[in-house]
Amino acid sequence: ATSANGVGINVSAVTPLTNITIRGCSITDGAAAGSNANPAVFMKDVSNSIIRNNTLTPSGGAGIHIIANQNNKSNNNTITNNTILATDTLAGDNIGVKLQSSENVSITFNHITTSGGGNFGDNYGIFATNATLRIISNAIETDGSGSNNHGIRGFNLSSSLIENNT
């Protein structure tokens, strides 16, 4: 699927959703370079879900963005065996996987490449805040012109396991 200037797959609703599977998709954000476009996959207030065996190519922004609003969490989600290539040279931040307010998220066996970022953009393979994670056996490459290029960057993480990532 190619998105002209929006989210490739948007999974969000007024009430929390559960048991969503996104598998075997090739998603390219077709927005113009430098637009800091929306993510290839966006999930809000989603739990017990799987994102597996996808190829995601956002044109800036995040490959996968999972978030929860103030009253909910996006819990017990699995992100595995995906290829994420976020390499916009003109946009702001390029992020492979971005998580906010998520618990018990497993991120395993993904290949994530982020690069570019323009004058102020940063590159993160995995960027997480207020989360509990298992980040295991991912191949992460980051490179760019911004001042921050991190394979994994986390804030307010608790009871998380990060191991065997390259």
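- In this structure, the side-chain contact (heavy atoms from CB on, under 4.5 Å) partners of D45, at least two apart in sequence or on a different chain, are P16, A68, N69, N72.
- Atom CG of N77 and atom OG of S102 lie 7.0 Å apart (nearest 0.5 Å).
- For S159, the side chain to side chain donor-acceptor pair (under 3.5 Å) test picks out no residue, with sequence neighbours left out.
- With hydrogens and angles ignored, the 3.5 Å screen pairs no side-chain donor or acceptor of T57 with any backbone N or O of T28.
- Between T114 atom OG1 and N123 atom CG the span is 4.0 Å, to the nearest 0.5 Å.
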Please report, to 0.1 Å, the donor-acceptor pairs under 3.5 Å made by any side chain of residues 104-112, with sequence neighbours excluded.
unit_1	atom_1	unit_2	atom_2	d
N104	ND2	N76	OD1	3.4
S106	OG	R134	NH1	3.2
T108	OG1	T80	OG1	3.0
N110	OD1	N81	N	3.3
N110	OD1	N82	N	2.9
N110	OD1	N82	ND2	3.1
N110	ND2	I79	O	3.1
N110	ND2	T108	O	3.0
N110	ND2	N138	OD1	3.0
H111	NE2	E141	OE2	3.0

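- Tracing side-chain contacts under 4.5 Å through hydrophobic residues (I, L, V, M, F, W, Y), one never reaches L85 starting from I140; they form parts of separate clusters.
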Check the pair N148, R153 against side-chain contact (heavy atoms from CB on, under 4.5 Å), reporting the backbone distance first and the verdict last. CA-CA 10 Å; N148 292 303; R153 181 95 188 244; 3.9 Å; yes
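- A donor-acceptor distance shorter than 3.5 angstrom exists from the side chain of N54 to the backbone of G24, with no hydrogens or angles considered.
- For N156, the side chain to side chain donor-acceptor pair (under 3.5 Å) partners at least two apart in sequence or on another chain are N130.
- Side-chain atoms of S115 never come within 3.5 Å of backbone atoms of T87 as a donor-acceptor pair (strictly under, hydrogens ignored).
- Under a 3.5 Å cut-off, the side chain of S74 and the backbone N or O of K44 do not form any donor-acceptor pair.
- Screening residues 96-113 for salt bridge (charged side-chain N to carboxylate O under 4.0 Å, His left out) gives K73-E103 as the qualifying pairs, with residues at least two apart or on separate chains.
- Taking R52 as the reference, nothing meets the side chain to side chain donor-acceptor pair (under 3.5 Å) condition, with sequence neighbours excluded.
- Cluster membership for I50 and M43, using ILVMFWY side-chain heavy atoms within less than 4.5 angstrom, is not shared.
- To the nearest 0.5 angstrom, I51 atom CD1 is 4.5 Å from I64 atom CD1.
- S49 meets the side chain to side chain donor-acceptor pair (under 3.5 Å) test with no other residue; sequence neighbours excluded.
- In this structure, F127 belongs to a hydrophobic cluster whose other members, linked by side-chain heavy atoms under 4.5 Å apart, are I95, Y124, F155.
- A131 is linked by a side-chain contact (heavy atoms from CB on, under 4.5 Å) to A128, L133, L157, counting only residues two or more places apart in sequence or in another chain.
- In the hydrophobic clustering, where aliphatic and aromatic side chains (Ile, Leu, Val, Met, Phe, Trp, Tyr) are joined below 4.5 Å either directly or transitively, L161 groups with I136.
- Between the CD1 atom in I162 and the CD1 atom in I126 there is a gap of 8.0 Å [rounded to 0.5 Å].
- Rounding to the nearest 0.5 Å gives a distance of 12.0 Å between CG of N94 and CD1 of I84.
- The salt bridge (charged side-chain N to carboxylate O under 4.0 Å, His left out) pairs that include a residue from residues 55-66 number zero, where partners must be two or more places apart or lie in different chains.
- With rounding to the nearest 0.5 Å, the separation of CG in D122 from CG in N149 is 6.5 Å.
- A40 and P58 get closest at one heavy-atom pair: N-CB, 4.4 Å.
- Residue pairs meeting the side-chain hydrogen bond (donor to acceptor under 3.5 Å, both in side chains) criterion with at least one member in residues 12-21, sequence neighbours excluded: N10-S12.
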